[in-house]
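So the structure is just underneath, and the comments pick up after that.
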Amino acid sequence: MVHIINGRSGSGKSTVLLDTICERAKNNDNIILIVPEQASFQNESEILNRLGAKNARNIDVLSLQRLCDHIEMEYGKDSKKELSDGARLILMSLAIEAVQDKLELYGERTGKSDLTSLMLTAVSEYKICLITPEKLMELSKRVSDGRLRKKLHDSALIYEAYDALISETYIDPLDKLISASLVLAKNNFFSGKVVAIDSFHSFTAEELEIVSLAIQQSKDFYITLCRDIENNDNDSMFYFVNRTHSVIKKLASENGIKFEDINLSVDDNKRYKNDDLRYVEELIFRNEDLEQNFGGSVMLYEAEDIYDESEQVARDIKKLVADGYRYDEIAIICRDSEMYRGIINSSFKKYDIPLFVSYPERLEAKPNLTTESILTILKTGMTSIPDDDIFALENYAFVWNLKGSDWNKPFTRSIDGFIDRSGEDGAEILEKLEAHRKLISETIFKLRDNLKNADGAEMTSAVFKALEDFGAFEKVKQLSLYFEQNDESILAEEELRVWDMLMQLFDTLYETLKEKYISPKRYFELIEMIISQGNISTIPRTLDEVTLGNADTIRPDKPRIVFVIGAVDGIFPKTPTDNGIFTSLERDELISMALPLTDSIGNIY
């Protein structure tokens with residue numbers, strides 16, 4: 001039987017579900033609880049606290065990704081290697097290059113990283129919506145709009161070429177769900193089990209294949225849906241959840257399975273500890289005037305700009321801490337923390353408030369060989385050359401206006417220019433600079449020679465050897481040890497994480513470009529593209545600090561105080577924008593032609 005537990009936020013849906021499955025676990029039912037990845041640990045802890053270790057073993061808490069891993073462990077794993085993000089970028093770039101002569105709309109943009117990212121986004125959506133290249137090509141022949149026809153045609157060609165490249169060596173993680181559903185269907189995996197799903201509001205076509213099998217095979221199926229049963233309008237904030245409710249009922253009916261709705265009362269909200277929050281939850285997205293006089297639990301502040309807003313938040317937090325709150329009990333939620341970079345940090349520094357906000361830092365690549373680029377390499381600290389000697393090399397390059405090719409010739413001229421005032425000391429310094437020049441020259445020009453007539457794997461080996469010759473491996477160890485000894489463990493960890501990312505990049509380049517002959521220029525374009533798409537985030541440095549994060553990523557741990565900033569019309573909630581290769585109008589037209597893309601309205605919340 002299918003049991004649908006409905007209720008608004010805080011009505012107790014998850015509690016009712018946990019109560020039910022925990023009781024069934026005590027009766028030795030075999031239960032699978034499927035939740036989003038970020039909710040796995042919280043649910044595992046709650047179940048363990050409720051049941052103890054013995055009965056908790058009857059409940060497997062899995063995300064959909066972990067369910068796929070579980071299936072691979074039980075029934076066997078594909079021998080092909082899973083595709084990494086870097087490999088996806090490389091193979092998509094090669095796929096575009098392979099069909100560039102056949103492209104009708106995007107032919108002039110081949111080789112550009114923005115087209116690679118755009119097509120990866122498009123193909124990712126096609127895969128999770130179970131749309132094939134054949135379906136796209138067939139549809140391109142039926143649409144009347146010329147530009148839309150070309151988009152479908154080009155993306156179908158690129159998608160097909162991309163899949164062909166993947167099939168040689170890899171399995172795409174985006175294909176894992178559909179592969180898992182085939183195994184589940186064949187082996188009747190959910191038979192005899194109780195399946196429960198919590199904290200989802202909608203499902204992709206791939207995910208629905210898993211849900212459908214769970215409904216068909218399990219002896220009981222439970223799902224929670226955060227929806228207002230009195231608000232079924234298509235333009236309401238519950239539109240997607242209401243649609244999911246209809247889909248679940250349809251799946252049950254098509255398979256001859258009974259279903260029931262368990263509707264939780266809105267009058268018995270268990271999450272909110274005071275009437276003010278309960279009232280806001282009830283009316284915040286309704287076109288009704290707020291008539292309640294708030295008792296201090298909810299406060300509104302209309303700021304002049306984000307500078308004034310940041311100052312006000314900082315002042316309020318300072319007062320709260322003076323009244324006994326801790327910094328780690330306070331969270332700040334916004335749409336885009338990047339808007340507040342530097343501004344809110346400055347306000348919090350002024351009031352001496354510890355703040356954690358993770359701004360992902362873009363990595364950069366600069367491959368051109370000039371004196372400037374050589375000095376940039378030296379100043380990374382990733383060579384065996386001491387800092388004082390690097391400064392002396394920079395001064396010598398400035399005095400004699402060295403070009404890139406000059407580093408291939410011996411340094412014989414005075415370190416002071418045309419007038420030599422340095423005497424024996426100068427000769428000694430010059431001898432040292434010449435030794436460094438030889439290391440730099442031999443390493444860089446040996447790299448240049450090794451890149452000629454080499455395939456991608458041989459190029460990667462050559463770059464790796466150049467780093468080794470420069471002494472980069474030893475310098476990373478020394479730098480990490482230095483940070484550790486100076487109580488900078490976070491910086492030490494970040495240094496090692498960047499290095500690990502670089503090694504993973506080399507692994508990806510070596511594997512994906514083996515026996516593929518491309519020019520050195522193209523090779524470094526691929527490196528630059530992958531690095532530019534990557535970023536590295538930080539982790540909290542202390543336990544007691546205020547946390548600021550984006551609404552779609554932050555997961556505060558039961559904060560006592562929450563500030564919502566940037567609540568401006570069109571930003572939070574944001575106005576829908578075109579996402580991917582199709583405009584909103586094109587997307588709606590394709591959906592009307594039975595192409596199962598995601599709705600454009602999905603970008604609002």
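A quick note: this is a predicted structure, and the numbers were derived from the prediction, not measured.
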Q: Output yes when Lys319 and Asp323 qualify as a salt bridge under the 4.0 Å nitrogen-oxygen rule, no when they do not.
A: no
Q: Would you give the length of the straight line joining atom OG1 of Thr116 to atom CD of Glu97, rounded to the nearest 0.5 angstrom?
A: 9.5 Å
Q. Any chance CD of Gln312 has more than 12 other-residue heavy atoms, nucleotides or ligands included, within less than 6.0 Å?
A. yes
Q) Crowded around Tyr301 OH? As in, over 12 foreign heavy atoms under 6.0 Å? A) yes
Q. With distance as the sole test, does Asn345 use its side chain to make a donor-acceptor pair with the main-chain N or O of Gly342 at under 3.5 Å?
A. yes
**Q.** Heavy-atom side-chain contact between Ile332 and Ser337 under 4.5 Å
**A.** no
Q.
Can a donor-acceptor pair be found, under 3.5 Å and without considering hydrogens, that links the side chain of Ser480 to the backbone of Val476?
A. no
Q.
Using side-chain contact (heavy atoms from CB on, under 4.5 Å), reason through Asp352 and Lys350 one step at a time and then give a plain yes or no.
A. CA-CA 6 Å; Asp352 197 25; Lys350 175 181 174 182; over 6 Å; no
Q.
Please report the interatomic distance CG(Leu118) to CE(Met92), rounded to the nearest 0.5 Å.
A. 9.5 Å
Q) Would you say Phe356 and Leu548 make side-chain contact, with heavy atoms under 4.5 Å? A) no
Q: Starting from the C-alpha separation in whole Å, work towards a yes-or-no answer on side-chain contact (heavy atoms from CB on, under 4.5 Å) for Ile96 and Met119.
A: CA-CA 9 Å; Ile96 294 171; Met119 284 302 159; 4.2 Å; yes
Q: Decide yes or no for Leu355 and Glu545: does some side-chain heavy atom of the first lie under 4.5 Å from some side-chain heavy atom of the second?
A: no
Q. Just wondering, do Tyr162 and Asp172 contact through their side chains at under 4.5 Å, heavy atoms?
A. yes
**Q.** Shortest non-hydrogen separation from Asn550 to Arg335 and the atoms involved
**A.** CG-O, 3.5 Å
Q. Which one of Leu393, Asn395, Ile429 satisfies the side chain to side chain contact (heavy atoms under 4.5 Å, CB included) criterion with Ile415?
A. Ile429
Q: Take Arg315 and Ser347 through the side-chain hydrogen bond (donor to acceptor under 3.5 Å, both in side chains) test and state the conclusion after the steps.
A: CA-CA 9 Å; Arg315 286 193 293 266; Ser347 296; over 6 Å; no
(Q) With salt bridge (Lys or Arg N to Asp or Glu O under 4.0 Å) as the rule and sequence neighbours excluded, what pairs involving residues 299-309 come up? (A) none
**Q.** Salt bridge present between Glu434 and Lys438 (N-O < 4.0 angstrom)
**A.** no
Q. Which heavy atom in Ala87 sits nearest to a heavy atom in Thr512, and how many Å separate them?
A. CB-CG2, 3.6 Å
Q: Could you tell me whether the side chain of Leu430 reaches within less than 4.5 Å of the side chain of Phe411, counting heavy atoms only?
A: yes
Q. Considering all heavy atoms of both residues, which atom of Ala161 and which atom of Val99 are nearest to each other, and what is their separation?
A. CB-CG1, 3.8 Å
Q. Under 4.5 Å between any side-chain heavy atoms of Ile330 and Pro559, yes or no?
A. no
Q. Are Lys432 and Glu428 close enough for a salt bridge, meaning some N to O gap below 4.0 Å?
A. no
Q | Taking every non-hydrogen atom, the tightest pair across Met459 and Ala454 | A | CE-O, 3.6 Å
Q | Polar side-chain atom of Ser117 near backbone of Asp114 as donor-acceptor pair, under 3.5 Å | A | no
Q. Arg326 versus Val546: any side-chain heavy-atom pair under 4.5 Å?
A. no
Q: Tell me, with the steps shown, if Val357 and Thr547 meet side-chain contact (heavy atoms from CB on, under 4.5 Å).
A: CA-CA 6 Å; Val357 49; Thr547 301; over 6 Å; no
Q: For the pair Asp154 (side chain) and Tyr106 (backbone), establish whether a donor and an acceptor sit closer than 3.5 Å, ignoring hydrogens and angles.
A: yes
Q. Do any N or O atoms from the side chain of Ser373 and from the backbone of Thr370 form a donor-acceptor pair under 3.5 angstrom?
A. yes
Q. Listed by chain and number, what are the salt bridge (charged side-chain N to carboxylate O under 4.0 Å, His left out) partners of Glu160, not counting sequence neighbours?
A. none
Q: Go through Lys150 and Glu586 one step at a time and tell me if the salt bridge (Lys or Arg N to Asp or Glu O under 4.0 Å) criterion holds.
A: CA-CA 12 Å; Lys150 291 177 181 179; Glu586 289 172 341; over 6 Å; no
Q: Measure the acute angle between the ring planes of Phe464 and Phe506, then classify it against the limits of 30° and 60° as parallel, tilted or perpendicular.
A: perpendicular
Q.
Taking the basic N atoms (NZ, or NE/NH1/NH2) and the acidic carboxylate oxygens, is any pair closer than 4.0 Å for Asp387 and Lys379?
A. no
**Q.** Nearest heavy atoms of Ile440 and Phe470, plus distance in Å
**A.** CA-CE2, 4.1 Å
Q: Verify the neighbour count for atom OH of Tyr351: are there more than 12 heavy atoms of other residues, nucleotides or ligands below 6.0 Å?
A: yes
Q | Test side-chain hydrogen bond (donor to acceptor under 3.5 Å, both in side chains) applied to Lys127 - qualifying residues, sequence neighbours left out | A | Asp163, Asp175
Q. Among all residues two or more places apart in sequence or in another chain, which pass the salt bridge (charged side-chain N to carboxylate O under 4.0 Å, His left out) test with Lys81?
A. Glu511
Q: Report the C-alpha distance between Leu447 and Asp469 in whole Å, list the side-chain angles of each, state the deciding distance to 0.1 Å, and finish with yes or no for side-chain contact (heavy atoms from CB on, under 4.5 Å).
A: CA-CA 10 Å; Leu447 171 63; Asp469 291 345; over 6 Å; no
Q) Checking Tyr396 side chain against Arg413 main chain: does a donor-acceptor pair fall under 3.5 Å? A) yes
Q. Atom CG of Leu513 and atom CG of Leu94: how far apart are they, to the nearest 0.5 Å?
A. 6.0 Å
Q | Under 3.5 Å donor-acceptor, Trp407 side chain and Ile444 backbone | A | no
Q) For residues 450-464, which residue pairs qualify under side-chain hydrogen bond (donor to acceptor under 3.5 Å, both in side chains), counting only residues two or more places apart or in two chains? A) Thr460-Tyr523
Q: Go through the side-chain N and O atoms of Ser93 and Arg522 and say whether any donor and acceptor fall under 3.5 Å apart.
A: yes
Q | Test: Asp406 and Lys409 ion pair at under 4.0 Å | A | yes
Q) If only atom types and distance count, is the side chain of Lys102 paired as donor or acceptor with the main-chain N or O of Leu157 below 3.5 Å? A) no
Q. With the threshold set at 4.0 Å, does a side-chain nitrogen-carboxylate oxygen contact exist between Arg560 and Glu329?
A. yes
Q) Can you name the residues that form a salt bridge (charged side-chain N to carboxylate O under 4.0 Å, His left out) with Arg147, not counting sequence neighbours? A) none
**Q.** Whether over 12 other heavy atoms sit under 6.0 Å from Asp500 CG
**A.** yes
Q) Looking at Lys176 and Asp69, does any basic side-chain N land under 4.0 Å from a carboxylate oxygen? A) yes
Q | Atom NZ of Lys318: over 12 foreign heavy atoms under 6.0 Å | A | yes
**Q.** Main-chain N/O of Leu152 paired to Ser155 side chain as donor or acceptor, under 3.5 Å
**A.** yes
Q: Can you see which heavy atom on Leu120 is nearest to which on Leu89, and at what distance?
A: CD1-CD2, 3.6 Å
Q.
Tell me if a side-chain donor or acceptor on Ser63 pairs with a main-chain N or O of Pro36 at a distance below 3.5 Å.
A. no
Q | Aromatic ring proximity, centroids under 6.0 angstrom, Phe473 and Trp499 | A | yes
